[in-house]
Novice: 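Handing you a structure now.
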2 protein chains.
Amino acid sequence: MISIVLFEDKANMRESLKLLIESETDFKLLEMFPNCKNAKQHILTHQPDVVLMDIDMPGVNGIEGVKIIKSVRPETQIIMLTVFEDDDKIFESIKAGADGYILKKSIPTELLSAIHNASVGGSSISPGVASKVLNAFREKSKASNVNTFSLSKREQEVLELLTKGYSYKKIAADLFVSIDTIGSHIKNIYSKLQVNSAPEAVAKALRLKIV
Amino acid sequence: MISIVLFEDKANMRESLKLLIESETDFKLLEMFPNCKNAKQHILTHQPDVVLMDIDMPGVNGIEGVKIIKSVRPETQIIMLTVFEDDDKIFESIKAGADGYILKKSIPTELLSAIHNASVGGSSISPGVASKVLNAFREKSKASNVNTFSLSKREQEVLELLTKGYSYKKIAADLFVSIDTIGSHIKNIYSKLQVNSAPEAVAKALRLKIV
DNA sequence: ATAAAAATCACCAATATTGGTGATTGTCTG
DNA sequence: CAGACAATCACCAATATTGGTGATTTTTAT
């Protein structure tokens, strides 16, 4: 038996969802609320397995609601319901800790299987949303690797030690060469990265993930 | 009509998938290959709407295959098929450009709807995998903000300029204060971050995302 | 085998940074 | 109101870094 609490401001939507949920024999709709006011209390009282959370609600919105619920009872599985495929809201929700993201226009069975999935720790994401998430994921991982700035192997090593905050002396000791050699390498690194100081080089290296 | 090409090394799996795909009237299975050798050629020849790609294949594996296909024909929608929920492979696939990620143990209808979704640009991710993706997404976004190291507002500003590679002089000029003031702030920053040099501070700041 | 690139070392002068100490002013909080 | 903190500035000495020039030895690639 999967227990469910629903947060949704529009009365007719609440009724539709209620009917849908009650059509499944192993779902139990514990309660419905029109906003996230006192969400903390509601969750602690009802201890639901799964929460269905509308994103756009007056007062305390769904994203805030997720934060509240996850902070008081992290094991609660939360599925976001929304009409929009709005990038910001999607990412905010995910960061807040949402475990699923279903568009309201999805077919009803999709929501039902999302609830089933959530109850066993799986996440369901509507295809259009999933596509945005994957793209964002790629964004964060790319940019790198292409710009190796054709640093030589040794220069790469030196740069890495530089990003650890090592001084010339320490780097020299680490690599068993003279401090002047390190000076040379660093000069070359600066020229390749087009910077003029260690902090700048470190910043560039870390930002472009070439370390 | 959605045209499909399949890469899968195991013959019996190929046959099963073939039967499944051909059960849908609007799918056309153009061709099947046991590995990604000559994937470039195959894709250019067949120009499929959707590619089903097994991850583990001898020779050129599925992840390499994705890179190849996306580089020659980016509009090709690629759905990864796998038996494992292996974190690394999942993230590698996504980075390579995969548009969906379905576990082989999924119910057949899930794969069919994944293909339909892919053909219209949506992504399908099996619940267990989606959950990992969302977690990874959160990882990347969090870590920050918690460790503010109780830097004062001014110290934060100085640190930010430091991560831009500015010298004491330039920072002082930017903030309209004396260079000695900057020196003081930086001394305090070092002590709070527990470092002893600018490169180290920059590295720590960027790694912990406190800038 | 020969040329190019990488890695090594040296020396030097001009700056910059680091780590001290100390002081003033304003703001906020108990 | 006192004490804490933030922000400001100053001075100093010891190091460290930067930016030059120049040179030798390995490695790598053609």
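Lettering of chains follows the sequences in order, A, B, ..., and the numbering in each one begins at 1.
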Novice: Provide, to the nearest angstrom, the distance between the CG atom belonging to Asp174(A) and the P atom belonging to dT8(C).
Specialist: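 So the two atoms are 13 Å apart, to the nearest Å.
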Novice: In whole angstrom, what separates Asn188(A)'s CG from dC9(C)'s C1'?
Specialist: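 Rounded to the whole Å, the gap is 13 Å.
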Novice: Salt-bridge test for Lys105(B) and Glu85(B): reply yes if a basic N is under 4.0 Å from a carboxylate O, no otherwise.
Specialist: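 Judged by the 4.0 Å cut-off on N to carboxylate O distance, Lys105(B) and Glu85(B) do form a salt bridge.
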Novice: Once you round to the nearest 0.5 Å, how far does NZ of Lys187(A) lie from CD1 of Ile189(A)?
Specialist: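 Between Lys187(A) NZ and Ile189(A) CD1, I get 12.0 Å after rounding to 0.5 Å.
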Novice: What's touching nucleotides 25-30 of chain D from the protein side, N or O pairs under 3.5 Å?
Specialist:
none

Novice: Should the pair His42(B) and Phe7(B) be assigned to parallel (<30°), tilted (30 to 60°) or perpendicular (>60°) ring geometry?
Specialist: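 If you compare the ring of His42(B) with that of Phe7(B), the planes turn out tilted.
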Novice: With a 4.5 Å limit on heavy-atom distance, are the side chains of Ile21(A) and Leu52(A) in contact?
Specialist: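 In contact.
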Novice: Arg154(B) has a side chain; which of dA6(D), dT8(D), dT8(C) sits nearest to it?
Specialist: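 Shortest atom-to-atom distance from the side chain points to dT8(D).
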Novice: What's the CD1-P distance between Ile182(A) and dA16(D), to the nearest Å?
Specialist: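 After rounding, the reported distance stands at 15 Å.
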Novice: Which distance, rounded to the nearest 0.5 Å, do you find between the CG of Leu44(B) and the CD1 of Ile69(B)?
Specialist: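 Answer for the CG-CD1 pair, Leu44(B) versus Ile69(B), is 10.0 Å.
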Novice: I'd like to know if Asp99(B) pairs up with Lys70(B) as an ion pair, taking the criterion as any Lys NZ or Arg NE/NH1/NH2 lying under 4.0 Å from an Asp or Glu carboxylate oxygen.
Specialist: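 Salt bridge flag = yes for Lys70(B) with Asp99(B).
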Novice: Give the rounded distance in Å between these two atoms: CD of Glu155(B) and P of dC5(D).
Specialist: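 That distance rounds to 12 Å.
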Novice: Out of Thr82(A), Asp56(A), Asn61(A), which one pairs with Lys89(A) under the side chain to side chain donor-acceptor pair (under 3.5 Å) rule?
Specialist: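 Of Thr82(A), Asp56(A), Asn61(A), side chain to side chain donor-acceptor pair (under 3.5 Å) with Lys89(A) is met by Asp56(A) alone.
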Novice: Calculate the interatomic distance between Lys153(A) atom NZ and dT8(C) atom C1'; express it in whole Å.
Specialist: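 In whole Å, dT8(C) C1' and Lys153(A) NZ are 16 Å from each other.
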Novice: Taking the side chain as everything from C-beta on, heavy atoms only, tell me whether Cys36(A) gets closer than 4.5 Å to Met53(A).
Specialist: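 Yes, side chains in contact.
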Novice: Check whether any side-chain nitrogen or oxygen of Ser178(A) sits under 4.0 Å from OP1 or OP2 of dT8(C), and answer yes or no.
Specialist: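 For dT8(C), OP1/OP2 do not have a side-chain N/O of Ser178(A) under 4.0 Å.
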Novice: Side-chain donor-acceptor pair under 3.5 Å between Ser178(B) and Thr181(B), yes or no?
Specialist: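 There is such a pair between these side chains.
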Novice: Any chance you could list the contact pattern along nucleotides 17-22 of chain C? Use B for base contacts, S for sugar-phosphate-only contacts and - for none, protein heavy atoms under 4.0 Å, 5' to 3'.
Specialist: SBBB--
Novice: Please enumerate all protein N or O atoms sitting under 3.5 Å from an N or O of nucleotides 24-29 of chain C, with distances to 0.1 Å.
Specialist:
none

Novice: Given side chains that start at C-beta, do those of Pro48(B) and Ile4(B) come closer than 4.5 Å, heavy atoms only?
Specialist: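 When only atoms from C-beta onward are counted, Ile4(B) and Pro48(B) do not touch, as no gap falls below 4.5 Å.
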Novice: Scan Arg14(B), Lys104(B), Lys18(B) and name whichever one has a side chain to side chain donor-acceptor pair (under 3.5 Å) with Glu8(B).
Specialist: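 Exactly one pass, corresponding to Lys104(B).
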Novice: Rounded off to whole Å, could you give me the NE2-to-P distance for the His185(B) and dA10(D) pair?
Specialist: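 His185(B) atom NE2 is separated from dA10(D) atom P by 13 Å.
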